[in-house]
Amino acid sequence: MSGRNEINNGLLSGSQLGKLHVLFALGTAVLILPTLVVLVAKEDSWITLTLAWPLNYVFLFAPLALNKRFPNFSVVTYSQKILGRWGGTLYMLIYIGFFILLSAFTLRNMGDFIGTAILPETPRWFTHITFMIVIAYGVLLGAEVIGRTGELLFMWIFIVTGIVFLLLFNKMDYNNMFPILANGWGQPLGGLYPIVGFPLGEYTFMMMLLQLVRPEDRPKLRRKLWSYAVVIGVSALAMTFLLLTVLGVELATRSPYAVYDMAKEIDLGDVVERVEITIAVIWISTVFTKFVLCFYVANLAAAELLRFSTYRSLTVPLAFIVVPLSLVVYRNSAQITQFAFDSWPVLSVFQGLVMPLALLAIAAMRGLRDDSYPAINVIPGAGGNAGGGQPDAQAGSKADGQAGGTESQEAEKGDSEPAYNRTQSSLVLTQDGKDISGNMENSGEEKQQ
């Protein structure tokens, strides 16, 4: 871990954020979504996934545009700048509630899969609590550890997936992909509906993580995320192609975990058998990434909104909310499918596309922008204590804009570049010991503390 004592406890590189984005998108979708798409689009499922590819950029547009407009502010801060104190607070309450609910859904999906396919005799509550302990520990370790874990999982997952693809090559039947567009474009277009619900509508988690990208990586961040969106599209298309050619439409729609059942087809004599457990491990790894990101975003946003010095004090209380909620959100697997088709896409698109676009439109109409300084340096010691969670004694103690003991260090280096001090809900820009925070609404003279 770095020595920074910040509320977010660490920064991410652009590459780490891109890989986390891929793992988040695959998440629960890699095992559940292909079945839902095939259920609607039938043999045209591969066309649906091809059409869904550009939608990755649509759902990333607003978070990236808002981050470009307010590079030195978190979503908690700029939402209150755009909508006012109470409007921004309401926006963030919806945002936090969404990710607490999504954490519960993700935990329930994982528990149902473990209980159905791997450990049918194990009580669901035990599986949920065990997985929640691992997730809470990962959140407590902070963003840097999450980013490094994502890098390791990213490489390993794609290596194993490639091996599984090769082992299934002799099981493919390309006749399963025909007829094409037998019922017109209605089927492939209808298959887009569950996709916009998850994972596309859930990309709004990026609004909270974009502020954690290292300043030196921000100029190329948009290009990196665009390139990783290509990886998401290719992965989803390849998985659907495998599902259609190996199992066919009829078998793929019978099982809620068709991708897992597809791996059971791998059998090279008596040498290579029971390979489906590798698919289970891959899926659990991607679900871990999605769950830890959702729970981390909820913790970080809630701590910043409540002006806590560290998010760690909220991790255990929020865990006690997520675990019971995960046990009651669904009654059975049939209700999961119904909810995924009927309710979740509407809620997800509203929160993940409509609300960010509305926020961006209001900021543009009001002319709100933070153009203070594009290059910023992080002041160590600003915000919460990464070790014990106690507030830094110097951070935020001087309302005249001084940056604590770091001012003397900047003077010794002769560096006149601005630095920023991250408090609970805002950033204080300083240069040569003077507050240079811009007033985004008027003339640039209001100080941010």
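If you're wondering where the values come from, they're calculated on a predicted model, not measured in any experiment.
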Item to complete: Classify the ring geometry between Y57 and W226 as parallel (under 30°), tilted (30 to 60°) or perpendicular (over 60°).
Response: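 If you compare the ring of Y57 with that of W226, the planes turn out perpendicular.
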
Worksheet item: Parallel, tilted or perpendicular for F105 and F339, by the 30°/60° rule?
Response: tilted

Counting N and O atoms only, with roles assigned by atom type, does the side chain of [X] sit under 3.5 Å from a partner on the main chain of [Y], one being a donor and the other an acceptor?
| X | Y | answer |
| --- | --- | --- |
| S45 | K42 | yes |
| Q16 | S13 | yes |
| R312 | L140 | yes |

Donor + acceptor pair across side chains of [X], [Y] (<3.5 Å):
| X | Y | result |
| --- | --- | --- |
| W344 | E202 | yes |
| Y228 | S15 | yes |
| N56 | Y203 | yes |

Discussion item. More than 12 heavy atoms of other residues, nucleotides or ligands under 6.0 Å from CZ of R223: yes or no?
Written reply: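 Open: at most 12 neighbouring heavy atoms sit under 6.0 Å from CZ of R223.
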
Fill in: Side-chain heavy-atom pair K19, L23 within 4.5 angstrom cut-off
no

Practice prompt. Using the salt bridge (charged side-chain N to carboxylate O under 4.0 Å, His left out) rule, take K81 and D370 through it: C-alpha gap first, then chi angles, then the decisive distance, then the call.
Written response: CA-CA 11 Å; K81 291 287 184 183; D370 172 32; over 6 Å; no

Output field: ring centroids [X]/[Y] closer than 6.0 Å:
| X | Y | result |
| --- | --- | --- |
| Y257 | F113 | yes |
| F154 | F158 | yes |
| F295 | F99 | no |

